[in-house]
Structures are given as structure tokens and as C-alpha cells.
Amino acid sequence: MTILTLTKMAPYLWVLSLALLFMVSGVRGTSPRQPIAVPFGRNYVPTWAFDHIKYYNGGSEIQLLLDKYTGTGFQSKGSYLFGHFSMDMKLVPGDSAGTVTAFYLSSQNSEHDEIDFEFLGNRSGQPYILQTNVFTGGKGDREQRIYLWFDPTTAFHRYSVLWSDYLILFLVDDTPIRVFKNCKDLGVKFPFNQPMKLYSSLWNADDWATRGGLEKTDWSKAPFVAAYKGFHIDGCEASVEAKFCATKGRRWWDQKEFQDLDAYQYRRLAWVRQKYTIYNYCTDRVRYPNVPPECKRDRDI
């Protein structure tokens, strides 16, 4: 092959090399659809201590207040079987030791299912801890704890759950921090037939939240304030008694590109595991001498 021929082919060789690079490195797949911000009252109602919820900008932003008398909380109007749920939150700043800010889904049955984000307060200057958990058929004990790679008290950040018949995906600002796959074939229960409502609350848990309860809430710093906006719900709404989603298989989260993480998303998840994970039940051989069967499929070992 002559030098002239190689020169003419150079642009095509460059394109081919670039294509091969993407094949090796993994092309970024489809992330969950971007949330649509709505006012609080569109999807949610207060549940307790109504006077401890403050509304701003026509209800597009709210604040929850915690003092020595009470915390407060809210819940979704509807119940859902599968969907995409997200909340933009700015956590309690400063000395928040003893406080817990929670955003979660939960069913109403005795053998309940639950999908949890719990933000554990800290002493000033120490990092927040984000704890996630998944309950299936009334069984939990699947805690994972991470530090966040930013200060969650200075600006709003987005915390999301994608729940389908294939997986439960936890995301922070579109970065996967945890995946819990449907492992019914391995004998692991998976939430699929109990509709769940969404809940959020700010409450005092100084008997366990910070350093196992060693750090108590300093009420001289009250009221503690957590801010919310976004209030996005895109779910299959169902009655509490429903056992299936009437549109199952036709929603966007049922499509193939959302049934697993791609190479890029798994690399982001590995980054969180390597740099920010401080506890993972999958690697706790004291509590679980035998590795829980879902952990390998979830790439948590």
C-alpha cells in the first residue's frame, strides 16, 4: 500500500479508531427520563405537624422544621406499582447530629415492601451519611451507607428511585449509587405486587442516627430545616389492594434499555463503591457468613 493511499484513507481510519474506542469503553446508555418539577400539592399532602411545613413560591418549594416538640412529614396522594420518583433536597445544615431526613416508598401491608433513602445528620464539619435499604416481604437488613461527594446542605441535589419489575435503582444527581435486581429466581423476594406510597419526614433519632446514638441532638440549634422541591412522580398509580400494574410492559421503564445498567453506569457505581461506600451488607461476613444471593448479581461483591 502506497503512502498516497494511506494518506487518502487517514480520515476513515480515524473514524474507525474512534468507533472501536467507544466499543471498548462502553457507550453511555439511556438514563431515566428527566423529572418534571411540579408544586408540592400536585402529588403530596402533609401527614403530621402541619404547622412545621412552610411553603414558598406558590408551593414549588417547601421546608420541613424539626424542634424539640416535633418533627413533620408528608406523603403522596396516590399509591404506585413501579415508576420513577425523585426529589430535590437541601439537607439540614450545620450541627444536625441526631436528626434523620428520610425519603422513601412503603406499602401498607404487614409483610411490607419499602425502598429507603435516609440521611443521617452529623456534627459540624463531619460528612453526612446516606443510608439506603430495601425491604421485601417484611424483611430488611440490607443497609448500605455512603458518604456523598458534595455538601448536601448548600444546594439542592436530586435523589431518585427507578422501580420496575427488573430492578430498583437508586440515583444521586443521575449517578447510580445502588442497584437491587429482581432475583426471585434465586429465592429472594422482590417488590412487585404491593403498591407503595411515597413518604418524607424530618425527625429526631438521636438514639441511633449519629455514631450509633453517641451523638445527641443539640436542641439549642433548633429549629432544624430541610428544604424540598421538584416533587416528581411518574408511576403506575394503583389502589392499595391492586396486585398488578394495568399498563405493565407499556411504560418507558419496562423497555429493554432500562432493564439493566450499561458499562458507563456500572463504572459510576463502582466509583461510588470504591471511594464513598462505608458499609455494605453484602460484604459483612459477621452478619452474613454466607453472601446474600442477590449481591453477586447486583455487582456488590
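Just so it is clear, the values below take in all heavy atoms, side chains as well, and ignore hydrogens, waters and symmetry mates.
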**Request:** Could you check Phe74 against Leu64 for side chain to side chain contact (heavy atoms under 4.5 Å, CB included), going step by step and ending with a plain yes or no?
**Result:** CA-CA 9 Å; Phe74 58 89; Leu64 302 190; 4.1 Å; yes
**Request:** Can you see which heavy atom on Asp298 is nearest to which on Phe180, and at what distance?
**Result:** OD2-CA, 3.7 Å
**Message:** Check Arg297 with Asp185, please: is the shortest side-chain N to carboxylate O separation under 4.0 Å?
**Reply:** yes
**Item:** Residues Asp88 and Arg158 bridged, charged N to O under 4.0 Å
**Value:** yes
**Test: Arg299 cationic atom under 6.0 Å from Tyr266 six-membered ring centre, within 45° of axis** = yes
**Asked** Would a 4.5 Å heavy-atom cut-off, applied to side chains only, mark Asn182 and Phe192 as touching?
**Response** no
**Nearest heavy-atom neighbours spanning Tyr288 and Asp141** = OH-O, 2.6 Å
**Request:** Report the C-alpha distance between Arg273 and Asp300 in whole Å, list the side-chain angles of each, state the deciding distance to 0.1 Å, and finish with yes or no for salt bridge (Lys or Arg N to Asp or Glu O under 4.0 Å).
**Result:** CA-CA 8 Å; Arg273 283 286 163 273; Asp300 263 321; 2.5 Å; yes
**Complete:** Residue pairs meeting disulfide bond (SG atoms under 2.5 Å apart), one or both in residues 101-142, sequence neighbours left out, come to none
**Request:** Kindly state each residue pair satisfying disulfide bond (SG atoms under 2.5 Å apart) with at least one member in residues 88-191, sequence neighbours excluded.
**Result:** none
**Message:** My understanding is that only residues two or more places apart in sequence, or in another chain, count here; which of them pass side chain to side chain contact (heavy atoms under 4.5 Å, CB included) with Val172?
**Reply:** Leu130, Leu148, Trp149, Phe150, Tyr159, Ile177
**Message:** I need the full list of disulfide bond (SG atoms under 2.5 Å apart) pairs touching residues 101-162, with sequence neighbours left out, sorted by first then second residue.
**Reply:** none
**Prompt:** Any side-chain donor paired with an acceptor under 3.5 Å for Asp173 and Thr175?
**Reply:** no
**Request:** Mind checking the CZ-CE spacing from Phe156 to Met87? Nearest 0.5 Å is all I need.
**Result:** 11.0 Å
**Message:** Around atom CG of Leu186, are there more than 12 heavy atoms from other residues, nucleotides or ligands closer than 6.0 Å?
**Reply:** yes
**Message:** Salt bridge check, Asp234 against Arg33: does any charged N sit closer than 4.0 Å to a carboxylate O?
**Reply:** no
**Message:** I'd like to know if the side chain of Thr277 and the backbone of Val272 have a donor-acceptor N/O pair within less than 3.5 Å.
**Reply:** yes
**Fill in**
When rounded to the nearest 0.5 Å, the distance separating CG of Asp207 from CG of Leu214 is 11.5 Å
**Partner of Gln131 under side chain to side chain donor-acceptor pair (under 3.5 Å), chosen from Arg145, Glu143, Gln144** = Arg145
**Request:** State the CD1-CZ distance between Ile168 and Phe170, to the nearest 0.5 angstrom.
**Result:** 6.0 Å
**Prompt:** Side-chain donor-acceptor pair under 3.5 Å between Ser200 and Tyr228, yes or no?
**Reply:** yes
**Request:** Could you tell me whether the side chains of Tyr128 and Thr153 share a donor-acceptor contact shorter than 3.5 Å?
**Result:** no
**Message:** Are Asp116 and Phe135 packed together at the side-chain level, in the sense that at least one heavy-atom pair is separated by less than 4.5 angstrom?
**Reply:** yes
**4.5 Å side-chain heavy-atom contact, Tyr44 and Leu198** = yes
**Asked** So how far is it from Leu162 CG to Ile115 CD1, rounded to the nearest 0.5 Å?
**Response** 9.5 Å
**Request:** With rounding to the nearest 0.5 Å, note down the distance linking NZ in Lys216 to CZ in Arg211.
**Result:** 11.5 Å
**Prompt:** Under a 4.5 Å cut-off applied to non-hydrogen side-chain atoms, are Met196 and Trp163 in contact?
**Reply:** yes
**Item:** Full working for side chain to side chain contact (heavy atoms under 4.5 Å, CB included) between Phe224 and Asn204
**Value:** CA-CA 10 Å; Phe224 302 99; Asn204 178 45; over 6 Å; no
**Request:** Before accepting this row, confirm whether a basic side-chain N of the pair Lys181/Asp260 lies closer than 4.0 Å to the acidic partner's carboxylate O.
**Result:** yes
**Message:** Under the rule for side chain to side chain contact (heavy atoms under 4.5 Å, CB included), what residues qualify as partners of Glu111, not counting sequence neighbours?
**Reply:** Lys189
**Fill in**
Interatomic distance, CZ@Arg267 vs CG@Leu269, rounded to 0.5 Å, equals 12.0 Å
**Item:** Side chains of Phe85 and Ile233 in contact at under 4.5 Å (non-hydrogen atoms)
**Value:** yes
**Prompt:** Heavy atoms, side chains only, cut-off 4.5 Å: are Arg142 and Thr132 in contact?
**Reply:** no
**Contact list for residues 77-87, test salt bridge (Lys or Arg N to Asp or Glu O under 4.0 Å), sequence neighbours left out** = none
**Message:** If you define the side chain from C-beta out and look only at heavy atoms, does anything of Tyr276 sit under 4.5 Å from Trp271?
**Reply:** yes
**Asked** Does some side-chain heavy atom of His112 sit less than 4.5 Å from a side-chain heavy atom of Ser106?
**Response** yes
**Request:** Begin with the C-alpha distance, continue with both residues' side-chain angles, and end with the deciding distance and a verdict on side chain to side chain contact (heavy atoms under 4.5 Å, CB included) for His232 and Val38.
**Result:** CA-CA 7 Å; His232 169 79; Val38 297; over 6 Å; no
